[in-house]
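Reading through the structure tokens given below for one structure.
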Amino acid sequence: MSEQVTVTLPDGSQKQARKGMRVGEFVREFIGQGLAKAAIHARLDDQDVDLSRPIERDSRLKVYTTKSAEALEVANHDAAHIVADAVQRLFPGTQVTIGPTVEEGFYYDFFRETPFTPEDLEKIEALANEIVAKDLPFERREVSAEEATRLFESKGEKFKVEIIRDVVSKGAKTLTLYKHGDWTDFCLGPHGPSTGKVGVIKLLSSSGAYWRGDHRNPMLQRIYGISFFDKKALAEWLHRQEEAKKRDHRKLGRELDLFQFHPWAPGAAFWSAKGTSLYQTLSAYMRQLCLGNGYVEVKTPLLFNKGLWEKSGHWGKYKENMFLVLDSETGEHDFSLKPMNCPSHHVLYGFKKHSYRDLPVRYQTQDVLHRNEASGTLGGLTRVRQFAQDDAHIYCTEAQIPEEVRRFVHLLDRVYKAVGLQYTSKFSTRPANRLGDDELWDRAEASLKAALDSSGLAYETKPGEGAFYGPKIDFDVSDSIGRKWQLGTIQLDHVAPERFDLSYVGEDNAEHRPVVLHRAIYGSFERFIAILIEHFAGAFPAWLAPVQAVVVTVADRHLEYGARVREELRARGFRAELDERGMTLNAKIREAQVQKLPFTLVVGDKEAESGSVAPRRYGGEDLKSMKLEAFIELLSKEAAWP
RNA sequence: GCCGGUGUAGCUCAGUCGGUAGAGCAACUGAUUUGUAAUCAGUAGGUCGCGGGUUCGAGUCCCGCCGCCGGCCCCA
């Protein structure tokens, strides 16, 4: 009689199994055929394992089937191996490096001279799916570092050997190899039971990527792909991709006539009248919220002598990201467009002596900033060279930090709710590389944490991810189709006040050092607008819409009345247009819908006689004829700032 | 910056083997005056991203540059 172990399942039930029994066998024997068939991998206590892993002691067991996101991730990792196998068969001499999964799918980086062409990808995808069809089992094997090194050295896999050396230097004793067919990779696992379970592999793109992300290292050829357990899931994913494409802010920006780019100003947008309206609405809204929350608005220069950047420390580290300007008197590039507002705010603060009674001092600014981003990183409105932040710096005492953070979170919550963005927060603590002693960091982290805890906000702690000058809280939003974006931030800075020798006079009549809080809610207007365009798919709520209502006439004889309606709306402060083109009513309504305007006001004989409009909402809801005053009341409510 | 892809009318796109550039929509003109998602007809619109080269001849082939798109942290 062999030894028994107790296996505890997620529902709390316990089974007695033979010691050394494989997870897969256990599932088949104790749970059922169906689950055994659908199983991809399992979690044994706190470790993700293959189904072939023997159960050696009393454990908790959770099985992941093709229905779970965890299993899909494992299958995508299987797919990465399969693709690498296919690549090495089709292109002998290609070296493998790493092939992890990403949020959506996986990639594998290869080292070879020539990049993959789109035709190569087709061939690789076809062969990869053949390997899937062969349903080859994945086999796990534990080996010594020496054996693994010998294996990959014999194959000429220099990158794998380097990875093995690294892993060993970090203390790993036994290494694991995963094999399917006759292809072996050095891999932590887990993997699914066989290639057949992967389902279907789709290759998406290829691109260059530096070994370990460092441009001094060799360039690798990366292949991105994604796998699904069945073709239907792939089709659905492809469909979702198409839908996301329709929301692309670059496409909608052109179609809705919001902004454009020109080769003469890479990374800097031309805002049309409509785009400018959107920009200005967001700007005015934020300005008003801040002014209502004790901020004062200030403006500082756009162009600075390098002295400021030497003082702030940016001249050394950040110089290559700044646009330097030639001073024709000295012939030197001693001036720079500001890439951020903070240093100039510090200068402004330092202009006068502050009393403790003045604190907190809250400066807000929406000045234009320039950052010389590498040309290859530019894209749409989300990565630009010229932009404006809803920037503010709060100068306060350490004791005031929790209250300031609490107020900020409150403000941010209001703004994100106003546009319907869900958000989560992250608290980042002291990094390895930092300025300031531990006692200072202890206090700084404690005050941010206290503020977060009292706000009732759920947050994730990111140890070591704070800025070198202080801990921070970041806010990630999810848009209407679930994409995540990092937007708001509040960062504590106890270095800048030192550098700029900032002070206030305390109750004790002595000089004290304030702390600085850097904070933003939109992040940058440009990026925030991009996110809103995609979030609303271009159909903005009335308070944001560049055109809130367009008047369309049934016939030309109503144009005069239509113009009166437009003028009345404008006189009441609304953004209204009249479509005077000689098109049919249907054509003008269609145009207004395509432009996603909140209200289309139809006017004909009936309306002209009774002083009415017949509003139609975006989407088609017909509100029937109503007095113009009644519509103005409706619009006043819907267009009110939230 | 680096790797790959890409660039034809305002927009979306076609253009075969290298033989002198085309459609739909938009714009403009005219006719029509329509009650909730495209009325009809006509007109105009192009240094085929820019610059070189090959050729009798280049949107098409070659080279360089620029812009745009996808990537360049996810460490077996």
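Per chain, numbering begins at 1; letters A, B, ... match sequence-line order.
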Base, sugar-phosphate alone, or nothing: which one does [X] contact when heavy atoms must sit under 4.0 Å apart?
X: A:G376; answer: base
X: A:Y224; answer: sugar-phosphate
X: A:R617; answer: nothing
X: A:T377; answer: base
X: A:D605; answer: base
X: A:E607; answer: base
X: A:A592; answer: nothing
X: A:L585; answer: sugar-phosphate
X: A:P100; answer: nothing

Practice problem: Name the residue closer to the 5' end of RNA chain B, choosing between A:H77 and A:S205 according to the nucleotide with the nearest heavy atom. | Solution: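 Here A:S205 is the residue nearer the 5' end.
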Quiz prompt | Earlier contact from the 5' end, RNA chain B, for A:V603 and A:G380 | solution =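 Final value for this comparison: A:V603.
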Determine the Euclidean distance between corresponding [atom1] atoms of [M] and [N]; express it in Å to zero decimal places.
N: B:G10; M: B:U6; atom1: P; value: 23 Å
N: B:U60; M: B:G53; atom1: C1'; value: 15 Å
N: B:G49; M: B:U16; atom1: P; value: 15 Å

Phosphate oxygens OP1/OP2 of [N]: is one of them under 4.0 Å from a side-chain N or O of [X]?
X: A:T584; N: B:U39; value: yes
X: A:R250; N: B:C68; value: no
X: A:N586; N: B:U36; value: no
X: A:Y107; N: B:C73; value: no
X: A:R212; N: B:C74; value: no

Starting the side chain at C-beta, find the nucleotide from [options] nearest to [X].
X: A:R581; options: B:A37, B:A26, B:G35; answer: B:A26
X: A:K170; options: B:G35, B:C75, B:U33; answer: B:C75
X: A:R557; options: B:C72, B:U34, B:G67; answer: B:U34
X: A:I589; options: B:U36, B:U39, B:G35; answer: B:U36
X: A:P266; options: B:U34, B:G67, B:A26; answer: B:G67
X: A:R222; options: B:C72, B:G35, B:U33; answer: B:C72
X: A:P115; options: B:G4, B:C75, B:C72; answer: B:G4

Spacing between [X] atom [atom1] and [N] atom [atom2], to the nearest angstrom:
X: A:Q221; N: B:G5; atom1: CD; atom2: P; value: 10 Å
X: A:E157; N: B:C75; atom1: CD; atom2: P; value: 21 Å
X: A:D622; N: B:G35; atom1: CG; atom2: P; value: 14 Å
X: A:R616; N: B:A37; atom1: CZ; atom2: C1'; value: 6 Å
X: A:K596; N: B:A37; atom1: NZ; atom2: C1'; value: 13 Å
X: A:H262; N: B:G10; atom1: NE2; atom2: P; value: 12 Å
X: A:F116; N: B:G5; atom1: CZ; atom2: C1'; value: 16 Å
X: A:L204; N: B:G5; atom1: CG; atom2: P; value: 17 Å

For the rings on [X] and [Y], is their centre-to-centre separation under 6.0 Å?
X: A:H191; Y: A:H77; value: yes
X: A:W309; Y: A:Y318; value: no
X: A:Y178; Y: A:F186; value: no

Quiz prompt | Partners meeting side-chain contact (heavy atoms from CB on, under 4.5 Å) with A:S428 (sequence neighbours left out) | solution =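 With neighbours one apart ignored, the set is A:K462, A:E465, A:K472, A:D474.
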Could you identify the nucleotide paired to [N], looking across every strand shown and requiring Watson-Crick or G-U wobble geometry with both distances under 3.5 Å?
N: B:U29; result: B:A41
N: B:G4; result: B:C69
N: B:G64; result: B:C50

Quiz item: Given A:F106 and A:Y108, is the ring pair (Phe, Tyr, Trp, His ring centres under 6.0 Å) satisfied, shown in steps?
Solution: CA-CA 7 Å; A:F106 63 89; A:Y108 211 115; 8.5 Å; no
Exercise. Over 60° means perpendicular and under 30° means parallel, so classify the ring planes of A:H81 and A:H180, tilted if in between.
Key: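 Tilted, since the angle between the ring planes falls between 30° and 60°.
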Quiz item: How about A:D214: does its CG atom have over 12 heavy atoms from other parts shown lying under 6.0 Å from it?
Solution: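 More than 12 heavy atoms, drawn from other residues, nucleotides or ligands, come within 6.0 Å of this atom.
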Practice problem: Could you tell me whether the side chain of A:D556 has a donor or acceptor atom within less than 3.5 Å of a complementary atom in the base of B:U33? | Solution: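 Yes.
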Practice problem: Using modelled atom types only, decide if a donor and an acceptor are shared between the side chain of A:T97 and the backbone of A:F159 within a distance under 3.5 Å. | Solution: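 Between the backbone of A:F159 and the side chain of A:T97 there is no qualifying donor-acceptor contact (under 3.5 Å).
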